[in-house]
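Quick notes on the structure that follows.
All chains are named by letter (A, B, ...) in the order of the sequence lines, taking the proteins before the strands, and each is independently numbered beginning at 1. Computed over heavy atoms, backbone and side chain alike; hydrogens, waters and symmetry mates excluded.
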Amino acid sequence: FQDQAEQFFRSGHTNNWAVLVCTSRFWFNYRHVANTLSVYRSVKRLGIPDSHIVLMLADDMACNPRNPKPATVFSHKNMELNVYGDDVEVDYRSYEVTVENFLRVLTGRIPPSTPRSKRLLSDDRSNILIYMTGHGGNGFLKFQDSEEITNVELADAFEQMWQKRRYNELLFIIDTCQGASMYERFYSPNIMALASSQVGEDSLSHQPDLAIGVHLMDRYTFYVLEFLEEIHPDSQTNMNDLFQVCPKSLCVSTPGHRTDLFQRDPRKVLITDFFGSVRKVEITTETLSLDPDVVGFESKFPEEELATEPLKYAEQLPVAQIIHQKPKQKDWHPPGGFILGLWALIIMVFFKTYGIKHMKHVF
Amino acid sequence: QVQLVVPMTVVFGPGSVPGDLPRPLPFRDVQEMEISVNLRTSVTSRYEMRYRSTTGQEEAALTAATAREADAALYPLQDNTLGSLTMYVVPETSSLLPQGINVYVGKHRSTLVRAVGALAALQARLREVTQLMSFRASSIAAALSDRVPDGRLGPDARRYLKSSLGYEITFSLLNPDPKSHTVDWDIEGAVNRYVKPVLDKLSLVANFSVDSQILYYAVLGVTPRYDKESSSFLLSAHSLPHVINPVEARLGSSAASLYPVLNFLLYVPERSHSPLYIQDKDGAPVSTNAFHSPRWGGIMVYNVEAPASPQASLPLHVEVDMARVMEVFLAQLRLLFGLSREEVPPEFLLEGLGNEGLADWELDHLLWAHTVENIATVSTTLTSLAQLLDKIGNIVIKDDVASEVYRAVASVQSAVTKLSLGHLQAAFQASKEAVTSSERAFFDPSLLHLLYFPDDQKFAIYIPLFLPMAVPILLSLAKIVRETRLRKKEPTKMD
């Protein structure tokens, strides 16, 4: 018992969060959504509640007109497991899954009007699991076919998280082509990273389903999920087993991992430290002794009823703040002098090439 | 450099003055101690002691029969500012303190200390008292523990609630078997009677909001074992961590507030699993039948007595004894904040708390730790903000972000100054303002590094556009220059 108690306290975290991101949309990327939803299911089964999961999906599979079984997303052929189900809570759906929103969730620089379910309210004792899947390349990950996130931006975001102590330990799993390039640039402490393929390799999908007509899952995530099915909340399986999960014979690509930034030995890190939510508990041995016959209590700070007028809509906007702030510089434009100089140069060269006599007429 | 100043008054009652005082009473003395957090950071604590003898009123108060009465009589006569301590030294043979007890710690900020012969020994005892009542080196170091990169303190150094501007407390009643039990709890009355006094006292530390709910058909995640010897059901200590998770999904929280939530759950076991007891590590049933989880909250199991006759009609009506329940919940609240009475040396006697829930000096304890933590948080936040601005040279700082940064800097400077003057309350308020401003500045949505392009990306975008266009221009420029030079060289050749 002493050993178990020690192990419980060894990782030092008191709560768990998960950020699961599927960066693709469109029907032929069915497998990425199935990947993410399967990880979501496992993480919920092992104990992390929805309030601690930020799920970002394009969510256009279940109700897609091309889906022969509407309102379902299957992760295994023969339609064994519907991972969509009744209680999927998608926090960022459809066009809200952008690089900006993802980085805002991670760094916490979120507009004040964002609801609690869309925020990552982690603290310095949170272990966070970040799972990303989609199409990627050497050093970048594609978001919804229109933008990219580079490994440098991701590393900077994690550094911003570390500066503000928004995590205790972070596990980063990525299942894309050339996934190992995404964790090359990390430099913040306490991060462990796993990827489905090395730089220069493609991650392959597992199996197509002839009835649905698309590939249902990616190989790496499929075998990771098989591995997670064996885990229950009090498993003692450690991370080293997760590293062995998909050997080249099954996965065709070579999965990689990175543990140099992580302080503890991966052999001592439990899978449930990241995938589950095993709380540390202490038996309560102290009590207060209260006097039940206390008659009434006069609070030192009585709640005052302030007579307020109902606010009109316009008054709720911080007008003064909006008027007086400098306009936000959205795009970088070259300075004006540069363009003028460039044009002057072009015109001079034109006149020089075609003859100076034209210039006399201009001036 | 942060200096924590504790103003202390040591009052010698008649017959308790030690023989070897360096100067005649009254006099002042200062003791400094350094608390090193890591190799580079340290916090100095400075105890400014004022030694004097008792006034007539105090002497009269010290003639009371028991320590508690003496303490109550002395309360209006002392300086009760936050952070200060008063110690009354009574003669060795005094009967105020029971046998074997050398220090009596009152509810407010005073203690009665039994005299010892020499001044040095008395000072050692006084030092023990200050360690208990104001702050310990370990508690300050723990408050700064997340700024300690080498993790020397171990992973469970900081399990207590972090300093925050507010906390939400939620009381939940879990009734998994409504067919057998109809449970009534007068939570509003209990909150008004028992919880509000404690929260009022803590209102200096943060804003608290309280709500409550009743959940039906909420089961624990673990099936308890039946124990034949005690004919009851037992939950062993190592299955407790798995109890919370299935319930947590249903607990919910207020959508609008971002404050940390403390959940207190009261579980009434099903009729088929009654009575249910929690076992600790050694297999003994826990007297409170409750457990808590750091930074989350607590759970208590409330057993319903079996009905007198087995033919009693279901559902049974259960009226929850809120006093007993609140005793446990409030104790858990204290433990979550880190106010425990377990590490008290054996010759200390602590006054019972009554309905107020915490002593004034325990409040001071919290304030010291939170102030230091706030100051550390603000300095690291502003430092990392400055590093971010250094890294991304063209980031745009809005006016309101700049003003928040200035305000944070001014507040944190004022907090450090006030700490070095010994004004704990003002220092705490200043540190709270500093934290609010610095968090608002750091987490401003406009500071996202994604919005500002690094230089290499700018080159990557503009070179493919401008380079092809620049080639003929540069070549033509070169041609112009060459021709001008030629013309200058041979002006006479043109006939």
Q. For A:Val152, is it the side chain, the backbone, both or neither that has a heavy atom under 4.5 Å from a heavy atom of chain B?
A. neither
Q: Please name the pair of heavy atoms, one in A:Lys280 and one in B:Ser293, separated by the smallest distance, quoted to 0.1 Å.
A: O-OG, 2.7 Å
Q | Options B:Lys458, B:Gln332, B:Lys479, B:Met469, ranked by heavy-atom pairs under 4.5 Å with chain A, top entry | A | B:Lys458
Q | Which of A:Pro111, A:Gly108, A:Pro112 touches chain B most, by non-hydrogen pairs under 4.5 Å | A | A:Gly108
(Q) So for B:Leu251, is it side chain, backbone, both, or neither that comes closer than 4.5 Å to the heavy atoms of chain A? (A) neither
Q.
Just verifying a value: how many Å separate A:Ile283 CD1 and B:Leu240 CG, rounded to the nearest 0.5 Å?
A. 5.0 Å
Q | Residue A:Ser277 versus chain B: region with a heavy atom under 4.5 Å | A | both
(Q) Please classify the contact of A:Asn15 with chain B as side chain, backbone, both or neither, using a heavy-atom distance under 4.5 Å. (A) neither
Q) Rounded to the nearest 0.5 Å, how far does CD of B:Gln387 lie from CD of A:Gln163? A) 5.0 Å
Q) Is chain A contacted by the side chain of B:Leu335, its backbone, both, or neither, given a heavy-atom distance below 4.5 Å? A) side chain
**Q.** Shortest non-hydrogen contact between A:Thr14 and B:Pro294, atoms and distance
**A.** CB-O, 4.0 Å
Q. Contact part of A:Leu342 toward chain B, heavy-atom cut-off under 4.5 Å: side chain, backbone, both or neither?
A. side chain
Q. Does CZ in A:Arg185 sit with more than 12 non-hydrogen atoms of other residues, nucleotides or ligands closer than 6.0 Å?
A. no
Q. Once you round to the nearest 0.5 Å, how far does CG of B:Leu258 lie from CG of A:Leu121?
A. 6.0 Å
Q. What is the distance from atom CZ of B:Phe466 to atom CZ of A:Phe338, rounded to the nearest 0.5 Å?
A. 5.0 Å
Q: To the nearest 0.5 angstrom, please state how far the CG atom of B:Asn245 sits from the NZ atom of A:Lys44.
A: 12.5 Å
Q. Are B:Phe291 and A:Glu282 close enough that some pair of their side-chain heavy atoms sits under 4.5 Å apart?
A. no
Q) Looking at B:Leu199, B:Leu388, B:Leu477, B:Asp444, which has the largest count of heavy-atom pairs under 4.5 Å with chain A? A) B:Leu388
Q: List the atom of A:Pro49, the atom of B:Ala249, and the distance in Å for their closest heavy-atom pair.
A: CB-CA, 4.1 Å
(Q) If we define contacts as heavy-atom pairs under 4.5 Å, which of B:Ala290, B:Ala190, B:Pro260 has the most with chain A? (A) B:Ala290
Q) Is a side-chain donor or acceptor of A:Arg109 paired with a backbone partner of B:Phe442 at a separation under 3.5 angstrom? A) yes
Q.
Can you tell me which portion of B:Arg334 sits under 4.5 Å from chain A's heavy atoms? Options are side chain, backbone, both or neither.
A. side chain
Q | Ion pair check, A:Asp124 and B:Lys162, cut-off under 4.0 Å | A | yes
(Q) Would B:Arg295 and A:Asp123 count as a side chain to side chain contact (heavy atoms under 4.5 Å, CB included) here? Give the steps. (A) CA-CA 10 Å; B:Arg295 296 204 185 177; A:Asp123 55 25; 3.5 Å; yes
**Q.** Interchain contact, B:Ile244 with chain A, by part (heavy-atom threshold 4.5 Å)
**A.** side chain
(Q) I need the A:His232 NE2 to B:His242 NE2 distance, nearest 0.5 Å. (A) 8.0 Å
Q.
Determine whether B:Thr381 and A:Lys164 satisfy the following criterion, side chain to side chain donor-acceptor pair (under 3.5 Å), listing intermediate values before the conclusion.
A. CA-CA 7 Å; B:Thr381 307; A:Lys164 209 59 185 81; 3.3 Å; yes
Q: Without swapping roles, check the side chain of B:Thr288 against the backbone of A:Thr284 for a donor-acceptor pair under 3.5 Å.
A: yes
Q) Can A:Asp50 and B:Arg250 be counted as an ion pair, charged N to O under 4.0 angstrom? A) no
(Q) When you measure from the centre of the six-membered ring of B:Phe443, is the NZ or CZ of A:Arg104 closer than 6.0 Å and no more than 45° off the axis? (A) no
